[in-house]
There are 2 protein chains.
Amino acid sequence: MIKTTFTNEQVVELAKLLKVIAEPKRLLLLEEIIRGVQCNCDLGESLGMAPNLISHHLGILRTAGLVTITRDPEDSRWVYYAINAQVMEDLRRTLDQFFSTQRAQPRRISCGPQSEDKVDKDLIPK
Amino acid sequence: MIKTTFTNEQVVELAKLLKVIAEPKRLLLLEEIIRGVQCNCDLGESLGMAPNLISHHLGILRTAGLVTITRDPEDSRWVYYAINAQVMEDLRRTLDQFFSTQRAQPRRISCGPQSEDKVDKDLIPK
DNA sequence: ATTATAGTTCAACAGCTATTGAATTATATT
DNA sequence: AATATAATTCAATAGCTGTTGAACTATAAT
C-alpha cells in the first residue's frame with residue numbers, strides 16, 4: 001500500500017527532522033556513528049571538531065531521537081553514541097514514500113488560459 | 001548490492017540537497033507539485049504565500065534540479081512547475097541507502113577503558 | 001586532597017536566509 | 001498606444017544557528 005499524500009502537518013514535521021540531518025557536520029557524525037565510530041573523542045578527531053561542538057551537534061541528533069547515548073560502565077566519563085535503528089527505519093520509510101515517483105500526479109488544470117475559471121469569468125457580463 | 005559507506009564529499013553533497021528540502025515551505029511546495037498543483041498562482045493560494053516568495057523557493061528547488069519549469073504555449077506569462085522524476089528517484093535511492101539500518105556497524109573499540117591504546121600506554125614506563 | 005580527564009553548558013558573535021515591500025520585466029489585453 | 005497581468009528581481013530586515021572560547025560538572029587517577 002503506497003501512501004499518496006501527506007498532510008501539511010506531516011510535511012512540516014518531516015521538514016523539521018530533515019533540518020536536523022541537513023547540516024553537513026551532523027550528517028558526517030551520523031555516517032561515522034553508523035560505521036561504528038561511536039566514542040566522542042574519536043568522532044571529534046576524525047572530523048576535526050572541537051569537543052564542545054561535537055556535544056552541540058550530538059545533542060541535536062539526540063533530541064531528534066536519531067541517536068542514543070550510553071556511558072561506559074567502567075569509567076562513566078566516557079560516552080558512546082549509537083544510532084536509534086527504529087527512528088532511522090521510520091525516517092527511511094517516510095522518505096521512501098515522499099520521494100516515490102509513483103506519487104506524482106499530472107498537472108491539475110485550474111489556472112492559466114485553459115482553465116475553466118478563466119472561461120467562466122469571461123462569460124460574466126460587465 | 002548495498003552501499004556500505006559514503007565518502008565525506010558524498011555526505012556533504014547530500015547535506016546540501018537535504019538543506020533544499022529541509023525548509024517547511026519548500027517541502028510543502030514539493031508536496032503540492034507532486035499532487036499536481038503546478039501553476040504558480042495556485043501554489044501561492046493554497047499555501048498562503050506571496051508570489052515573490054513562491055518564486056524565491058521554487059528558484060531554489062529549480063537550482064537543485066528537483067523541479068522543472070514550463071511556460072504556457074498560449075500565454076507565456078503563466079508558468080508551470082513539475083517535479084524532475086529522475087532527480088527525485090536518485091535522491092530517494094541515496095536516502096534509502098544512507099538510512100538503511102543494515103549499514104550500521106557495532107562499536108569500534110578504539111577509545112575508553114577497554115581500548116588497547118590505553119593498555120599499551122600503561123605499559124610504557126615513566 | 002589534589003590533579004587530570006571527558007564531556008557539557010554558557011555567553012557572545014558572525015554568517016546565512018526566509019520574509020517583506022517596492023521596482024522591474026515581459027507578455028497579453030483593451 | 002496604454003493598461004493589466006504573471007512572474008521575477010532587488011534591497012532591506014530580522015531571526016535563527018553554527019562556531020568559538022571560557023567556565024563548569026563529574027568522575028577517575030595520583
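Predicted model only: the values in this text are computed from it and were never measured. Lettering follows sequence order; numbering is per chain, from 1. Keep in mind that the numbers below use all heavy atoms, side chains included, and drop hydrogens, waters and symmetry copies.
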Output yes when at least one side-chain N/O atom of [X] is less than 4.0 Å from OP1 or OP2 of [N], else no.
X       : N      : value
A:Lys19 : D:dT17 : no
B:Arg77 : C:dT25 : no
B:His57 : C:dT19 : yes
B:His56 : C:dT19 : no

Flag side-chain contact, heavy atom, 4.5 Å: B:Leu29 against B:Val67
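Not in contact.
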
Nearest non-hydrogen partners of [X] and [Y], listed with the distance:
X       : Y       : answer
A:Val12 : B:Pro24 : CG2-CB, 4.5 Å
A:Gln97 : A:Phe6  : CB-CZ, 4.0 Å
A:Gly65 : A:Val87 : O-CG2, 3.3 Å

Side chain of [X], heavy atoms from C-beta onward: which of [options] has the nearest atom to it?
X       : options               : answer
A:Ser76 : C:dT8, D:dA28, D:dG18 : D:dA28
B:Ile69 : D:dT8, D:dG18, C:dA18 : D:dT8
B:Val79 : D:dA7, C:dT19, D:dA28 : D:dA7
A:Tyr81 : C:dG7, D:dA7, C:dT8   : C:dT8

Please report the distance, rounded to the nearest Å, between [atom1] in [X] and [atom2] in [N].
X       : N      : atom1 : atom2 : value
B:Glu74 : D:dA6  : CD    : P     : 15 Å
A:Ile54 : D:dT20 : CD1   : C1'   : 14 Å
A:Glu23 : C:dG15 : CD    : P     : 16 Å
B:Glu45 : D:dT5  : CD    : P     : 15 Å
B:Met49 : D:dA7  : CE    : P     : 14 Å
A:Arg71 : C:dT5  : CZ    : P     : 18 Å
B:Lys16 : C:dC16 : NZ    : P     : 13 Å
B:Gln38 : D:dA6  : CD    : C1'   : 17 Å

Any base atoms under 4.0 Å from A:Ile60, or only sugar-phosphate, or nothing? Heavy atoms, all strands.
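Sugar-phosphate contact only.
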
Give one of base, sugar-phosphate or nothing for A:Leu43, where a contact means two heavy atoms less than 4.0 Å apart.
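Touches nothing.
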
Quick check: any donor-acceptor pair below 3.5 Å linking the side-chain of A:Asn52 to the base of D:dG21?
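Yes, the side chain and the base share a sub-3.5 Å donor-acceptor pair.
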
Position toward the 5' end of DNA chain D (nearest nucleotide), A:Leu53 or A:Asp75:
A:Leu53

Nearest-nucleotide 5' precedence on DNA chain D, B:Asn40 against A:Ala50
B:Asn40

Is any NZ, NE, NH1 or NH2 atom of the basic residue among B:Glu32 and A:Arg108 found under 4.0 Å from an Asp or Glu carboxylate oxygen of the other?
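Result for this pair is no, no salt bridge flagged.
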
Side chain to side chain contact (heavy atoms under 4.5 Å, CB included), paired with A:Leu95, selected from B:Leu18, B:Leu91, B:Leu95:
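Option passing the side chain to side chain contact (heavy atoms under 4.5 Å, CB included) with A:Leu95: B:Leu95.
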
